[in-house]
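First comes the structure, then the notes that go with it.
This structure is a prediction, so every number in the text was calculated from the model and none was measured.
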Amino acid sequence: MESPHSLSPSSSSSYSSDGVTFDTEEPRTPLAVRRALHLINSGEPHLCLQAARDIRRLTKTSQRCRRQLSQAVGPLVSMLRVDSPESHESALLALLNLAVKDEKNKISIVEAGALEPIVNFLKSQNLNLQESATASLLTLSASSTNKPIISACGAIPLLVEILRDGSPQAKADAVMALSNLSTHPTNLSSILETNPIPSVVDLLKKCKKSSKTAEKCCALIESLVDYDEGRTALTSEEGGVLAVVEVLESGTLQSREHAVGALLTMCKSDRCKYREPILREGVIPGLLELTVQGTPKSQSKARTLLQLLRESPYPRSEIQPDTLENIVCNIISQIDGDDQSGKAKKMLAEMVQVSMEQSLRHLQQRALVCTPSDLPIAGCASEVSSK
């Protein structure tokens, strides 16, 4: 292909490519962009296919080219409707790159009618096409304007199916798309109806806890546990609460904020019901660390959750003075004081170290059910995952 810099911007000549001739007197538009626009509007299938590939390449990293090639949206969407799998995938990938970091293109793609074929591609037996369609919905769902439209097109149940049965990349993109869609209030009920929690938890267990995938899994879980169905599903799923606790311990700052937010929402909704399942998974060390090292929101949520978890339903006289609960209370009183960086951090570091050492002995007993007398944090609450 001709280099975009092979002709001077000020040159006045014609250029022929695959039988298409066009003028080169437009100094502000690179030659390659003009060539792609001419080809995509040619109406010739093989030229449109070449144009789609060129557009994908040109828009991969260039925001300027995304703007300059916005006129290609309509013809590319038309390619999604022709009977040619090769054209489908090339057009999808070109549209995907056009939409990245470009709100106008995201909206234009949906307005041009792309959603119907894209949603149909989610059901394709061609895994590459299915992956490309899922990635496209991920990008398009980042636009607040598009969120309710995507849901109305029936994409949510299909995304949950991909989350359950798709390829690893498709699963990651599907959970990110669902997380994007969940930020629109009217979409949450539609997502809940598909029972996504088992598939989200399964993905969260398998992915790296510091990954973007884990972050989006936790963001989605945090949204879903606002509802009783979501909370029940998470605690009913084997290892569901534990997976969130593990992110609380080793995720990114944003992931940990979502994780502690989900646990706090559960505990606030019904402390008696959810306090034990949360404590049983060894949440305390991660919460202690978060009160000092988390984002401002995480710190506040962690302190609030610790308060809810440390309050015992039993008389204080039944709690030994050297239990973890009393130590936690002491740490919290230090953190809530004026000096948060000195003694409190030192106490916290010592506490987390002791708790980690104790936790190694508890890992083999994680599946055991704690008795009520263990619940005031002294026993199973000191567990922590080593993952």
Side-chain angles (χ1 to χ4, degrees), residues 92-93 96-97 99-101 118 121-122 127-143 146-147 150-151 155-184 187-188 191-192 194-226 230 233-234 237-263 265 281 283 286 290 294-295 297-298 385-387:
L92 262 182
L93 294 171
L96 173 59
N97 282 359
V100 171
K101 298 181 181 179
I118 289 176
F121 294 154
L122 294 178
L127 294 183
N128 288 333
L129 188 57
Q130 189 183 89
E131 284 188 4
S132 298
T134 307
S136 296
L137 283 180
L138 162 59
T139 302
L140 295 174
S141 65
S143 165
N146 291 342
K147 294 178 196 289
I150 292 173
S151 176
I156 286 175
L158 294 171
L159 285 170
V160 174
E161 284 186 25
I162 295 218
L163 181 57
R164 183 181 65 241
D165 301 322
S167 67
Q169 184 59 57
K171 286 182 178 182
D173 288 344
V175 81
M176 292 184 194
L178 288 166
S179 178
N180 284 346
L181 293 171
S182 73
T183 62
H184 193 281
N187 288 344
L188 273 173
I191 295 174
L192 276 168
T194 64
N195 189 29
I197 291 287
S199 299
V200 176
V201 168
D202 184 64
L203 181 59
L204 184 57
K205 287 178 180 177
K206 294 175 180 176
C207 72
K208 189 175 181 180
K209 299 302 179 287
S210 58
S211 66
K212 192 71 174 180
T213 300
E215 179 182 321
K216 291 299 182 179
C217 285
C218 285
L220 183 55
I221 288 172
E222 184 181 17
S223 296
L224 295 176
V225 296
D226 267 336
L234 183 64
E237 188 66 23
E238 184 177 356
V241 174
L242 173 60
V244 176
V245 169
E246 288 177 337
V247 173
L248 182 105
E249 296 167 348
S250 56
T252 63
L253 286 175
Q254 194 60 48
S255 298
R256 298 174 81 186
E257 186 174 305
H258 290 307
V260 71
L263 297 175
T265 296
E281 303 302 352
V283 70
L290 209 54
T295 65
K297 284 185 180 180
S298 297
S385 168
S386 63
K387 272 193 175 183

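Using a distance-only test at 3.5 Å, with no hydrogens or angles considered, no donor-acceptor pair links the side chain of S250 to the main chain of V247. Although no hydrogens or angles enter the test, the distance criterion places no donor-acceptor pair under 3.5 Å between the side chain of K101 and the main chain of A99. Remark: side-chain polar atoms of S179 are not paired, donor with acceptor, to backbone N or O of V175 under 3.5 angstrom. With hydrogens and angles ignored, the 3.5 Å screen pairs a side-chain donor or acceptor of N187 with a backbone N or O of L181.
Taking all atoms of both residues into account, the shortest heavy-atom contact from K171 to G166 is CE-O, 3.2 Å. Looking at every heavy atom in both residues, A133 comes nearest to L92 through N-CD1, 3.8 Å. The two residues S182 and L220 come nearest to each other via the heavy atoms CB-CD1, 3.7 Å. The two residues A174 and I162 make their nearest non-hydrogen contact at CB-CG2, 4.0 Å. Closest approach of I221 and A262 over heavy atoms only: CG2-CB, 4.2 Å. Closest approach of A243 to K205, counting heavy atoms only: CB-CG, 4.3 Å.
For the atom pair OG of S255 and CD of E222, the computed distance is 11.0 Å after rounding to the nearest 0.5 Å. Interatomic distance, I197 CD1 to D202 CG, rounded to the nearest 0.5 Å: 12.5 Å. One distance of note links OG of S143 with CD1 of I150; it measures 7.5 Å at 0.5 Å rounding. Rounded to the nearest 0.5 Å, atoms CG (L192) and OG1 (T194) are 7.5 Å apart. Rounding to the nearest 0.5 Å places CG of L204 at 8.0 Å from CD of E246. From Q130, atom CD reaches atom CD of E161 across 9.5 Å, with rounding to the nearest 0.5 Å.
Residues N180 and K147 meet the side-chain proximity criterion, which asks for heavy atoms closer than 4.5 Å. Residues T183 and S223 fail the side-chain proximity criterion, which asks for heavy atoms closer than 4.5 Å.
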Side chain to side chain contact (heavy atoms under 4.5 Å, CB included) assessment of L234 paired with V225:
CA-CA 8 Å; L234 183 64; V225 296; 4.1 Å; yes
Quick one: do I118 and L140 satisfy side chain to side chain contact (heavy atoms under 4.5 Å, CB included)? Show the steps, please.
CA-CA 11 Å; I118 289 176; L140 295 174; 4.1 Å; yes
Take H184 and S151 through the side chain to side chain contact (heavy atoms under 4.5 Å, CB included) test and state the conclusion after the steps.
CA-CA 10 Å; H184 193 281; S151 176; over 6 Å; no
One pair to check against side chain to side chain contact (heavy atoms under 4.5 Å, CB included): L263 and V241. What are the steps and the verdict?
CA-CA 8 Å; L263 297 175; V241 174; 4.2 Å; yes
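Contacts of E237 classified as side chain to side chain contact (heavy atoms under 4.5 Å, CB included), with partners at least two apart in sequence or in another chain: P198, V201. Under the side chain to side chain contact (heavy atoms under 4.5 Å, CB included) criterion, N97 pairs with R56, T59, K60, not counting sequence neighbours.
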